[in-house]
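The structure under discussion appears below in the form of structure tokens.
The structure presented is a predicted model; accordingly, all values stated were derived computationally and were not measured. Values below: all heavy atoms of this structure, side chains included; hydrogens, waters and symmetry mates excluded.
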Amino acid sequence: MARIAVFGAGYVGLVTGACFADLGHDVRVRDVLPERIEELTAGRVPIHEPGLADVIERASDRLSFTLDAADALEGADFAFIAVGTPPTYSGDPDLSAVWTVIEELPAATRVTLVMKSTVPPGTGDKVRRALDARGLGDVVYVSNPEFLAEGTAVRDFMRPDRVVVGAFEPEHVEPVAALYEPLGSTIVRTDVASAEMIKLASNAFLSTRISFINEIASVCELVGADVIDVAHGIGLDPRLGPHFLKAGLGFGGSCFPKDVSALKQLAGNSGYHFQLLSAVIEVNELQKRRVIQKLGKHLGDLHGKRIAVLGLAFKPGTDDLREAPSLVIAARLVAEGAEVRAWDPVADARHLLPDVTFSASVLDAVRDTDAAVIVTEWPELADLASAEVRDAMRTPVIIDGRNLLDPEAARALGFVYEGVGRPGPSETAR
Ligand code: UDX
Ligand code: UDX
């Protein structure tokens, strides 16, 4: 069994550390936030991630937390870097937290450094040069990107579609690959730059699929087709597959927007205009705003109207609000002079949306409103189209930004219903 240090106790660092401890390794997770280490040491889990608390508890005798880098590295065979790499204004990722870890490595460290944070291709070369410049030539550097989706991260770690391990020397791949052996997954053995690119390109391609189906949805609205059936028909072709073809009001989260921008910026920095990704980003921004147009179509001027925004997290199963479409939609509505009520089962956006009223229940949120918008497809919203909700609303208009509901059932109950890329209502509320 190995002794593993993990830098960064966020979504990726905590899930990675806890799962490796669950596989029998001795793991010490380091974070710079004292309150985060305090909470974890006290047995509390600071993020909403299904199944993680159980894994942490089950592996607690092999899992510890520290603020001190040297303490984390003591006797370590591997040091995984999973610190935040948030976007900067230019779209380039902020790698300062990564460099901090490199600088904190004690002289004469002999650990294998494993990059899990998403970094642009070419970063590994820079890290290698920095290590050599510090006389840390014995430190082996390996790229091992993560593909964990929030809400299913523990399962994604334990049952990966593939594990990617990139190194400067082929023999450096094996010790890291061996850590994943018990999972029985395909191991992609490659060089550092290709491993870095696999991660960015995977997220960029998934985002492209989403923007593509969202554009198809817009055309469906013009020609009276149903995007749900269209996606189904497309997805049966094994060359295309059914995944990530759910039309909606745009993708968000800590990864897709950031990684698409990072890849576009990376190409731009080298003089190549990545047109496709420019379009993916533009389509995604427009998709969030189409909701406002749809509301205007049914309600006219939104000034003074009361709108319920249902779901704030960037997707169900998480409390994460990073790049959540809900933030743009709520802010747009406020800018139009509408009064906004919001509801989410776990995400707390009070610090991000000061002009919005937050409701403890769906029914409270829709009471006396002129329309309700489904922004996150929480299961609690699956039966939103009820007589109780219809009677509580001022005008029973539902804009279903995630195609969660059955249009005919909603209309049969007297709602004016509009989805994304679904055959439109024959009537409007006005
Ligand atoms: C992070 C990266 O942001 C992402 O690019 C990568 O794909 C996966 O890892 P995530 O785990 O979601 O994503 O980030 P976050 O939840 O923000 O956690 C990062 C943690 O690193 C935070 O707890 C933060 O306190 C910690 N951190 C940050 C350090 O320990 N040291 C630092 O210098 C900076
Ligand atoms: C993503 C990747 O899935 C994961 O492999 C990577 O490691 C990190 O980034 P995550 O950001 O947690 O994971 O969420 P994901 O489930 O991929 O959804 C991202 C966004 O796309 C969400 O806003 C979601 O609502 C949206 N989405 C997803 C769609 O609009 N349509 C789809 O068909 C799928």
Side-chain angles (χ1 to χ4, degrees), residues 50 118 121 143-166 177 180-191 193-253 255-257 259-260 263-264 267 274-284 287 314-317 377 379 400-407 419-423:
T118 304
S143 169
N144 174 223
E146 53 82 18
F147 301 95
L148 310 178
E150 291 182 29
T152 58
V154 171
R155 186 200 65 197
D156 296 341
F157 187 97
M158 288 303 197
R159 293 210 303 271
D161 300 324
R162 81 294 207 192
V163 172
V164 174
V165 185
Y180 293 95
E181 215 63 54
L183 305 178
S185 162
T186 305
I187 307 243
V188 179
R189 294 171 166 79
T190 184
D191 59 272
S194 302
E196 293 165 337
M197 182 58 92
I198 290 172
K199 171 60 187 181
L200 277 186
S202 298
N203 278 357
F205 202 175
L206 290 168
S207 306
T208 303
R209 282 176 73 100
I210 297 168
S211 282
F212 176 78
I213 200 70
N214 283 339
E215 291 222 275
I216 290 289
S218 300
V219 180
C220 284
E221 288 171 10
L222 297 172
V223 300
D226 185 338
V227 76
I228 302 250
D229 292 356
V230 173
H232 178 61
I234 292 173
L236 290 170
D237 182 330
R239 296 169 300 174
L240 298 167
H243 303 297
F244 282 65
L245 289 177
K246 273 198 306 175
L249 36 70
F251 59 78
C255 291
F256 282 4
D259 295 347
V260 171
L263 186 50
K264 176 176 171 281
F274 207 139
Q275 299 174 61
L276 203 54
L277 294 186
S278 300
V280 166
I281 295 167
E282 194 189 332
V283 168
N284 200 51
Q287 199 65 9
F314 81 93
K315 67 173 193 177
E377 63 273 35
D400 183 355
R402 296 293 177 184
N403 291 336
L404 182 63
L405 309 180
D406 170 0
V420 178
R422 315 289 324 258

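Using a 4.5 Å heavy-atom threshold, the side chains of Phe314 and Glu150 count as touching. Residues Pro160 and Leu183 have side chains in contact (heavy-atom distance under 4.5 Å, counting atoms from C-beta outward). Taking 4.5 Å as the limit, every side-chain heavy atom of Val154 sits out of range of all side-chain heavy atoms of Leu148. Side-chain atoms of Val163 and Thr186, non-hydrogen and from C-beta on, never get closer than 4.5 Å to each other.
Atom CZ in Phe205 sits 9.0 Å away from atom CG in Leu276 (nearest 0.5 Å). A distance of 9.0 Å separates OG of Ser207 from CD1 of Ile281, quoted to the nearest 0.5 Å. From Thr208, atom OG1 reaches atom CG of Asn284 across 10.5 Å, with rounding to the nearest 0.5 Å. Distance check: Phe212 CZ to Leu240 CG gives 8.5 Å after rounding to the nearest 0.5 Å. If you take CD1 on Ile216 and CD on Glu221, they are separated by 12.0 Å, rounding to the nearest 0.5 Å. To the nearest 0.5 Å, atom CG of residue Leu245 and atom CD1 of residue Ile210 are 9.0 Å apart.
A salt bridge links Lys199 with Glu146: the closest approach of a Lys/Arg side-chain nitrogen to an acidic carboxylate oxygen falls below 4.0 angstrom.
A search for salt bridge (charged side-chain N to carboxylate O under 4.0 Å, His left out) contacts involving Glu215 returns nothing, not counting sequence neighbours. Ser278 pairs by the side chain to side chain donor-acceptor pair (under 3.5 Å) definition with nothing, not counting sequence neighbours.
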Quiz item: Which is it for Glu377 and Lys246 under the salt bridge (Lys or Arg N to Asp or Glu O under 4.0 Å) test, yes or no, and what are the steps along the way?
Solution: CA-CA 11 Å; Glu377 63 273 35; Lys246 273 198 306 175; 3.4 Å; yes
Quiz item: Run the side-chain contact (heavy atoms from CB on, under 4.5 Å) check on Val165 and Ile187 step by step: do they pass?
Solution: CA-CA 7 Å; Val165 185; Ile187 307 243; 4.2 Å; yes
Quiz item: Where do Val230 and Cys220 land on the side-chain contact (heavy atoms from CB on, under 4.5 Å) test, with the steps shown first?
Solution: CA-CA 9 Å; Val230 173; Cys220 284; 4.0 Å; yes
Quiz prompt | Residues Val280, Phe274; criterion side-chain contact (heavy atoms from CB on, under 4.5 Å); working and verdict | solution = CA-CA 10 Å; Val280 166; Phe274 207 139; over 6 Å; no
Quiz prompt | Full working for side chain to side chain donor-acceptor pair (under 3.5 Å) between Arg159 and Thr152 | solution = CA-CA 10 Å; Arg159 293 210 303 271; Thr152 58; over 6 Å; no
Practice problem: Give the C-alpha distance, both sets of side-chain angles, the deciding distance and a yes or no for side-chain contact (heavy atoms from CB on, under 4.5 Å) between Glu282 and Ser211. | Solution: CA-CA 9 Å; Glu282 194 189 332; Ser211 282; over 6 Å; no
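Below 30°, between 30° and 60°, or above 60°: for Phe157 and Tyr180 the angle between ring planes is between 30° and 60°, a tilted geometry.
Under the 3.5 Å distance criterion, the side-chain polar atoms of Ser194 are left unmatched by any main-chain donor or acceptor of Asp191. A donor-acceptor contact shorter than 3.5 Å is absent between the side chain of Lys264 and the backbone of Gln275. Side-chain atoms of Asn144 never come within 3.5 Å of backbone atoms of Gly166 as a donor-acceptor pair (strictly under, hydrogens ignored). A donor-acceptor contact shorter than 3.5 Å is absent between the side chain of Asp226 and the backbone of Pro423. Side-chain atoms of Asp400 come within 3.5 Å of backbone atoms of Leu404 as a donor-acceptor pair (strictly under, hydrogens ignored).
Considering all non-hydrogen atoms of both residues, Ser202 and Arg162 come closest at OG-NH2, 3.0 Å. Leu200 approaches Pro121 most closely through the heavy-atom pair CD1-CD, 3.5 Å. Residues Leu263 and Ala204 approach most closely at CD2-CB, 3.7 Å, considering heavy atoms. In terms of heavy atoms, Asp156 sits closest to Ala149 at OD2-N, 2.8 Å. Shown here for Phe256 and Asn203, the closest heavy-atom pair between the two residues is CE1-OD1, 3.4 Å. Across Val227 and Ala247, no two heavy atoms sit closer than the pair CG1-CB, 3.9 Å.
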